[in-house]
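For reference, the structure is listed below as structure tokens.
Computed over heavy atoms, backbone and side chain alike; hydrogens, waters and symmetry mates excluded. Index from 1, following the sequence.
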Amino acid sequence: MAEYVASTAVESVKNQAKEYALPYLRYFFCYGEIVEDFKNQRKELKLRKQRVKTSVDEAKRQIKVIHEDVEDWLRRAEKELEETQNFEEEIDGVKRFKWCPQWSWRYCLSKKLAEKTLIISKLLETSNFPQVGYRGPLEGIEFITSTDFMDSESSKSALNQIMEAINSVNMIGLHGMPGVGKTTLAKEVGKHAREQKLFDKVVMFTMSQNPNIKKIQEKVADIFGLHFETSSQEGKAEELFRSMQSVKKILVIVDDLWEEFKLESIGIPFGDEHKGCKILLTTRHQQVCTKMNCQKEIQLGILSEDEAWVLLRDKAGLEDKCSTLTHVAKEVAGECKGLPLAIVTVAKALKGESLDGWRAVNQRFKDSRHLDNEEVLGGVLKPLKLSYDYLREGNSQMTGNDIQMCFLLCSLFPEDAEIISDVLIMCGIGVGLFPNAYSIEDKRNEIGMTLKKLQKSGLLLETDVAETIRMHDVVRDFAHWLTSTGENRFIVKDKLKEWPHMVGCYTAIALWNCSSNIKNFPDKVEFSKLKTLFLKGGAGDDLLVVPNTFFEEMKALQVLLLENVFPLKGFHSLPNLKTLCCIRCKLENFSSSLANMRSLEILALFETKFDEISEELVKLSALKLLFVEVEEEEEINFPPNLLSRLTLLEELHVRSKSNINLLELNSLSRLTAVSLRLSTNHFSQEYFVLPKLQRYAIVVNDYIRYLESLTFRALTIKNFSSALSAFNHLFCNVEKLKLGNVSGQKNIVPSIGKMGVNELTSLELESCKDMEFLTDITRDQGPTVAFSNLVELNVANMVSLKGLCYGLSPTRFLQNLKQVIIRDCKELQVIFQMDKLSEKVKCQMPLLSNLTILELYSLPKLESIWKLEPSHHATASLARLKVVKIGDCDKLKTIFSPCLALSMLHLEELDVTCCHGLEQVIGFVQEEEIIENDSPLCCWPKLRILRIEFCRNLKYVCANTWTQGLQSLESVHIRGCSQLIQVFNMEQNKHGQDIVLPELGSQGFPLLESVYLENCPQLLQVFSSTKERDVIGDHILLNVPFLQDLVVSNCPQISCFIVQAQLIEELVLSNVGNSRQLCNTDVPVLNEGCLVVGNHEEVFQVQGGYSFSSIKKLKLRNLLEVRVIWNDFAQVVTLENLTTLTLSDCKKLRYIFSAMMARSLSHLVDLFIVGCEEIERLILAKDQVSSSSSNGDTSLQPMTFPNLTRIVVTNCKKLSSLFPFGFVPVLPKLESLIVKRNSKLEQVFELEEKVEVVAEEEMKFDKLKRLSLEELPGLIHFCPKGYHSVFPTMIELKVRDCPKLTTGFFIDSQEFVHCKTKLLEQDAVEESTTVRNTIFNKNINWSR
């Protein structure tokens, strides 16, 4: 039994040993088998990989998405094939030793091959893929192909606005005129969103004027990979709706939307149905954006002149070089007036054309014939024609015709003209627009709305002046193309030197700039169908003289507009004339001519000379509007009782001095609008009251502004001491009120506006000496609502003004106020008195919630801007405040309370100057205002400009808080604040803990461009941070990638901070951190280049090739610890843009430049070095720079400073020489060289290489005008021995107290100054015989 057990055990051990050892033995004895197996498997993997790769390529061609496991298998197979390639070489290596194999090598190789064979076998087992990919959803061809995006200022601005808004709002509207590039920009937005992975899906479709919903649904379904199960439009919409709701983030771009549309009918979920779905729509009509409830509306403008040329050049394949073709092409680009569609269309049509072809098209543009050629601008016609036709389709037929006619009427005005709306309205009324509107007022409203509609449709453009509009030149040419045929035929000439050939079928003619010497001007023309004639003479006094017979055969004429025209002997009979508008004309026999215009409804004379206004005016029985304005010094005389007999008169505008009797106005029952220039004498009647009016611009003792429109009801009264009862009816609805030097009024409400002046939008008060408040309302009297629509408030020099509101604040008081500017009010103590609020006011929208601009100047008694009870915090908000400017308010201690500061999320500019009593910008005025808050009390994320100057008691900008959310900050200016300790103060909460702040972005201050800190002797810190990554040791690290200007001056207590600023252009450090405890603190060495703001040994840390090449001005003053400007001369520092270098009182500074740096100073203009006592050399010698600094042999390049103009070097005790001198002019532009009190200076110029000069060399200073060498006890040479210097333009030379100087100065016969360093003693004798005036070794004070 024991033997059996033993035998079994031995057998078991033997089997286990065999099983364990067998693989290892196999590696020795089955090498050939293993190699063969490996080769077969590897070959099979290679073939299998090729088959799978072929299938994948085919699937990709079928735009299928490849399965991830297939992609992973291919990657692993490729990896194994690459790794086993080396094994093939090792196998071949073993074969070379077959007679004497290396067993250990074979064993190792065999083992590796067996392991790899097993891995390859498993790969082969998993390679049978039933399909390698699947059909995925499309991505949108718009975002794959090039968008032809033009990187213009307008498009960049719009793109940035869209990308910013897309994160915060659900619907954005992009509008602009046809062809301006809306679709291209929308595609670019989609491309950006797709590339930056901002959305899971981006889809774009075009609506057009007649949208095809079926095609749109199919396109959206393709993008989302949806296959419709239903056939109806509604069913597909629901399927799309559900499918899109399952995708988290979607951007839908709706292009070319013409009218309000329910996107749900397509199947687009948004708003509450899908908050992750954002909509960007493009439209020609701004009102579509409004109707679609877009939360952000963005207008896309046209290109600038330069941008237009670049686009045309690129699309036409032209070169930007001087040639005749380029010149003509630029003119063509200019004629397209910045419209991208027109530019691209023209460029494509003319690509490859000859110079003659370009010239022909250019001439067509100038003659307004370019639209005749479909190849040139045919592509522009379609979108403009669609917009034009839509004017009729979007309205009733009659209204649509009127809107189209108004558009065509605008095309009669000159190219690029700013069309005065009132003139256009007068002409529109004359041609019979809106016949169903009976009164002038109604017609004015209709035409005004039409102009706005045309602007919103992109067919008219806004201008900088509210009272004018403009038509784009391409749109104007399109209108001319429309009116070149058909019933309404127009002809327009912008400049006329010769009378054109015209047939009599025109209904409108506009001839501009017809000089007085025009050729072939006819005495009579026959235009039987002509309804509108615009005729303008030359400029200035160049009046076009027109015979009265000229108008004889224009019986159908309805509108006649004349400018700079002199019609001889008046006008012939014009029986159908409705509007006569004369601008700067001279009228002869004016009164008698009126009898020939019995249908005249509108008579407008702008700055026009005429004989008189006589009784003949009464014969104009249909006259509804009279506008009269003469030259400044002239006065208009109306016959007595004339105006009162013009019983149909609806509008009266007398804008010059006149004898008008205001009592006659009360007889004009239809009068609705007036504009009058009056004086105090017009109000002699004690009980006279001006009538109620719908529109007016009335000015008393002042001038009516040019183009003063009747858009607003405006009243200006100046230098008026009488009662204001004559204006009582106007105060009820006045919109713009200006009072200047009006006495006897203590308030506006109720003294002037008993009903609360609630339609007033703009109020200007100046020098009204008796006024104390805007409102004076007690519980017993006064209106409950006042100033509810006031938008702008301007107050100046109001000596008695104490506040805005006395007593209870009326309901809705100042809720719409946007702009407040108050100056020179010496009694004003509080601006916004909000501590006496009625219960109604407390329940309303927060006061001042619309305030945008606040400016306060010279208010010596102002103690508080806001007076707010702690319990009223919710009743005031500054959520829209953008600009705050305060100056010369000496009693003001604080500006914002913390609760108000917390609401100022849109503040962009804060400017405080000369407020000597100011202690804190944000703080509590009274103890009872203090509130507890553990969170940051203010955060101004949009603040761009912070400027605080000459506030001598200011200690903190923000107390009890620290404003870290300053991502928009661009400029910081702090100057002359002697008590300022910290700009943003970090305080602790009531538990003694640091207030935790929102994390500052990794960029630090990504937009900051300029920092100025000057004359703040107590300033300790500007920026601070609680984040470790923003603090290096004890020092603040600022990453300011766009900082250009950094000036820190006379801030001796300021703590060191380190700045990373690659684009720095100006650096000024003066008396910074000189207090004893701040000197010699260690500054860490960073991995990137930076500059150290503080009193430390190094100013610039140069690392990693960081060159500071953009710096232009460098000024270092009174930095007592600075030893070197650049920490390591081994680094490559190029200063090719440096123009000014000033070093003053840097007592320990030893060197400035290495030779390599010095050779980069090609733009240096000014060099000033004063009081740097340790400086030995301005430029390091080669042996003083570490060998690691050699970047090529710099000594091969000669030392030169081609633009250096002014040099001042004084009080540098150890300086031995100024400049090394090579074999080229060192200072060719030097004009002034002043060297004083440098005790060890031995030579001004020294040779770069110490070589012996055998023959005399000349140094010429062609521009040097002033040279001063004073108090230089060690100076031996001005220039090296053997050199002769010439100063041909020298006008002033001073040499004083230079006892060792061996250089002599003399003047030759041409009055040129020379200097020469003696080689031998006898040189002096030789020179004395060759020059006229020798001056050696003595004090010189010479001037020319």
Side-chain angles (χ1 to χ4, degrees), residues 420-423 425-426 429 439-445 447-448 467 579 581 601-607 613 617-618 620 622-630 635-685 688-718 720 724-738 759-760 762:
I420 301 173
S421 300
D422 280 349
V423 172
I425 288 170
M426 293 175 190
I429 294 173
S439 70
I440 295 286
E441 175 70 14
D442 291 343
K443 290 178 186 287
R444 180 187 288 277
N445 289 334
I447 296 174
E467 294 86 356
T579 295
C581 181
E601 295 182 2
I602 296 175
L603 174 60
L605 307 175
F606 295 86
E607 297 181 21
I613 292 180
L617 194 64
V618 179
L620 299 178
L623 192 65
K624 296 179 180 179
L625 187 154
L626 176 62
F627 187 110
V628 188
E629 182 182 42
V630 295
E635 185 171 340
I636 303 169
N637 289 306
F638 291 96
N641 300 316
L642 171 65
L643 293 176
S644 60
R645 286 179 285 163
L646 300 174
T647 54
L648 296 183
L649 202 63
E650 298 177 27
E651 293 194 11
L652 174 63
H653 308 285
V654 182
R655 298 202 169 193
S656 301
K657 297 176 185 176
S658 71
N659 67 338
I660 187 171
N661 185 348
L662 295 179
L663 288 174
E664 293 187 49
L665 301 185
N666 290 326
S667 302
L668 302 174
S669 59
R670 301 192 182 194
L671 193 66
T672 60
V674 303
S675 54
L676 301 172
R677 179 181 170 184
L678 306 173
S679 68
T680 306
N681 296 331
H682 285 97
F683 298 91
S684 56
Q685 301 91 346
F688 168 75
V689 179
L690 283 162
K692 288 184 179 180
L693 299 164
Q694 295 183 29
R695 300 173 188 268
Y696 51 85
I698 296 176
V699 172
V700 181
N701 297 325
D702 201 4
Y703 303 93
I704 293 185
R705 183 175 63 90
Y706 178 65
L707 290 182
E708 184 87 55
S709 174
L710 290 179
T711 307
F712 298 99
R713 293 184 286 273
L715 175 60
T716 299
I717 306 173
K718 291 190 174 182
F720 202 81
L724 299 179
S725 56
F727 307 98
N728 282 347
H729 288 158
L730 306 185
F731 289 138
C732 295
N733 64 357
V734 65
E735 292 177 316
K736 290 192 172 186
L737 177 61
K738 297 181 183 179
E759 295 190 37
L760 190 67
S762 175

Would you say that Asn661 contacts Leu643 through its side chain, given a criterion of any heavy-atom pair below 4.5 Å between the two side chains?
no

Electrostatic pair Arg670-Glu650, nearest N-O below 4.0 angstrom
no

Less than 4.5 Å apart, any side-chain heavy atom of Glu651 and any of Phe627?
no

Does a side-chain heavy-atom distance below 4.5 Å link Leu676 with Leu665?
yes

Begin with the C-alpha distance, continue with both residues' side-chain angles, and end with the deciding distance and a verdict on side-chain hydrogen bond (donor to acceptor under 3.5 Å, both in side chains) for Ser725 and Asn728.
CA-CA 5 Å; Ser725 56; Asn728 282 347; 5.2 Å; no

Is the backbone N or O of Arg677 less than 3.5 Å from a side-chain atom of Tyr703, with the two atoms forming a donor-acceptor pair by type?
no

Just wondering, do Ile717 and Ile698 contact through their side chains at under 4.5 Å, heavy atoms?
no

Checking side-chain contact (heavy atoms from CB on, under 4.5 Å) between Ile425 and each of Ile447, Ile440, Asn445, which is the one that passes?
Ile447

Closer than 3.5 angstrom, by distance alone: can the side chain of His653 be matched with the main-chain N or O of Val674 as a donor-acceptor pair?
no

Pair Phe727 and Phe683, ring centroids less than 6.0 Å apart:
yes

Do any N or O atoms from the side chain of Asn701 and from the backbone of Phe720 form a donor-acceptor pair under 3.5 angstrom?
no

Under a 4.0 Å threshold between the charged nitrogen and the carboxylate oxygen, would Arg645 count as salt-bridged to Glu664?
no

Any donor-acceptor pair under 3.5 Å from Glu635 side chain to Lys657 backbone
no

